[in-house]
Amino acid sequence: MRLARGPRPLAIRVFAAAFLAAAVLRLVRGLNDLALTQAVFAAHIPWVSWNRDWTIVTLSAEFTIALIPLVWIYLFAAPFARWLVLGFGALRLAFLDPAALTGAVLVAVAMASLLTPAANRWFMRKEEEDGPAVFE
């Protein structure tokens, strides 16, 4: 994968800002109330013996995992990452928790920005730049 050249379109910058804000918000909210986050994790994954350490590690892992498609899209213009974000974002919105409305709105904005014409041109330009591989 090569770095994408040129300025990022506004849609890609909006995606990056909204997606990063949603990931940071989830991390900060989780760390702010570890007892509640631990209880939520225990309710969803009861076979794990949850404690503060495991909760912090899981929150950190979620944050790191959220950064991966952000880097793929912003730095490498990887089209598959767009569909990955759209798929998982749709799942997140489908199981919307009203308490996490701010994060859901940020995810919705990020997803919508990936479907704009400017974003489409960004992803297509990357494919045109790469072109066919030439072996000498």
Side-chain angles (χ1 to χ4, degrees):
M1 242 185 240
R2 286 191 287 172
L3 287 174
R5 295 185 205 134
R8 276 62 181 153
L10 178 62
I12 297 301
R13 288 181 282 152
V14 167
F15 157 76
F19 200 76
L20 181 61
V24 169
L25 184 64
R26 172 125 170 95
L27 176 67
V28 169
R29 281 186 178 162
L31 291 173
N32 232 6
D33 193 353
L34 277 175
L36 175 62
T37 306
Q38 184 176 335
V40 169
F41 286 165
H44 286 102
I45 308 171
W47 55 89
V48 174
S49 178
W50 291 97
N51 57 34
R52 290 174 53 89
D53 293 339
W54 280 110
T55 304
I56 292 170
V57 167
T58 303
L59 285 169
S60 299
E62 284 181 346
F63 179 72
T64 304
I65 290 167
L67 295 181
I68 293 169
L70 179 91
V71 168
W72 281 342
I73 289 172
Y74 193 80
L75 294 181
F76 300 108
F80 70 89
R82 171 172 49 171
W83 299 111
L84 184 75
V85 168
L86 291 171
F88 282 107
L91 283 174
R92 181 173 178 185
L93 293 177
F95 298 104
L96 179 63
D97 176 8
L101 190 57
T102 305
V105 168
L106 289 170
V107 168
V109 168
M111 289 171 53
S113 69
L114 288 178
L115 296 172
T116 63
N120 285 334
R121 286 190 299 276
W122 168 254
F123 288 111
M124 292 303 162
R125 189 179 89 202
K126 170 68 170 98
E127 290 175 359
E128 290 169 2
E129 285 178 2
D130 283 348
V134 177
F135 298 100
E136 296 178 24

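This chain uses plain numbering: 1 for the first residue, then up along the sequence.
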*Asks:* Write down the atom of W122, the atom of A77, and the distance for their closest heavy-atom approach.
*Replies:* NE1-CB, 3.3 Å

*Asks:* Would you mind listing every salt bridge (charged side-chain N to carboxylate O under 4.0 Å, His left out) that reaches into residues 105-120, with sequence neighbours excluded?
*Replies:* none

*Asks:* With clusters defined by side-chain heavy atoms of hydrophobic residues (ILVMFWY) lying less than 4.5 Å apart, directly or transitively, does L34 cluster with V48?
*Replies:* yes

*Asks:* Consider only side-chain heavy atoms of I, L, V, M, F, W and Y, link residues closer than 4.5 Å, and tell whether L70 and F76 are in one cluster.
*Replies:* yes

*Asks:* Is there any salt bridge (charged side-chain N to carboxylate O under 4.0 Å, His left out) pair reaching into residues 34-45, and which pairs are they, with sequence neighbours excluded?
*Replies:* none

*Asks:* If I take atom CD1 from residue I12 and atom CG from residue L75, how far apart are they, to the nearest 0.5 angstrom?
*Replies:* 11.5 Å

*Asks:* For the pair R82 (side chain) and L114 (backbone), establish whether a donor and an acceptor sit closer than 3.5 Å, ignoring hydrogens and angles.
*Replies:* yes

*Asks:* Look up atom CG in L36 and atom CZ in R29, then write down how far apart they are to the nearest 0.5 Å.
*Replies:* 11.0 Å

*Asks:* Once rounded to the nearest 0.5 Å, what's the spacing between atom CG of L59 and atom CG of N32?
*Replies:* 11.0 Å

*Asks:* Is it possible for you to say whether V57 and V28 belong to one hydrophobic cluster, with membership spreading through side-chain heavy-atom contacts below 4.5 Å?
*Replies:* no

*Asks:* Any link between V107 and W83 through a network of hydrophobic side chains (Ile, Leu, Val, Met, Phe, Trp, Tyr) touching at under 4.5 Å?
*Replies:* yes

*Asks:* So do the side chains of I45 and W47 get within less than 4.5 Å of each other, counting heavy atoms only?
*Replies:* yes

*Asks:* Could you tell me which non-hydrogen atom of A118 sits nearest to which non-hydrogen atom of P9, and how far apart they are?
*Replies:* O-CG, 3.8 Å

*Asks:* For A66 versus A23, what's the shortest heavy-atom pair and its separation?
*Replies:* CB-CB, 3.9 Å

*Asks:* Looking only at non-hydrogen atoms, find the nearest pair between A81 and P69 and report the distance.
*Replies:* CB-O, 4.2 Å

*Asks:* For a quick test of reading the model, state the closest non-hydrogen atom pair linking A43 to P46 and the distance between them.
*Replies:* O-CD, 4.1 Å

*Asks:* Can you get from W54 to I65 by hopping between Ile, Leu, Val, Met, Phe, Trp and Tyr side chains that sit under 4.5 Å apart?
*Replies:* no

*Asks:* At what distance, to the nearest 0.5 angstrom, does CG of L10 lie from OG1 of T116?
*Replies:* 8.5 Å

*Asks:* Using a 6.0 Å cut-off, check whether atom CZ of R52 has over 12 heavy atoms from anything other than its own residue.
*Replies:* no

*Asks:* For the CZ atom on F41, are there more than 12 heavy atoms of other groups (residues, nucleotides or ligands in this structure) within a distance under 6.0 Å?
*Replies:* yes

*Asks:* Distance from L106 atom CG to T102 atom OG1, nearest 0.5 Å?
*Replies:* 7.0 Å

*Asks:* Give me each pair satisfying salt bridge (charged side-chain N to carboxylate O under 4.0 Å, His left out) with a member in residues 58-80, each pair once, sequence neighbours excluded.
*Replies:* R26-E62

*Asks:* With a 4.5 Å cut-off on side-chain heavy atoms, are F15 and V85 touching?
*Replies:* yes

*Asks:* Given side chains that start at C-beta, do those of L115 and M111 come closer than 4.5 Å, heavy atoms only?
*Replies:* no

*Asks:* How long is the span from the CG atom in L20 to the CG atom in L67, to the nearest 0.5 Å?
*Replies:* 6.5 Å

*Asks:* Determine whether a donor-acceptor pair (N or O, by modelled atom type, separation under 3.5 Å) exists between the side chain of R8 and the backbone of Y74.
*Replies:* yes

*Asks:* With a sphere of 6.0 Å drawn around CH2 of W50, does it hold more than 12 non-hydrogen atoms of other residues, nucleotides or ligands?
*Replies:* yes

*Asks:* Any side-chain heavy atom of I73 within less than 4.5 Å of one from F19?
*Replies:* no

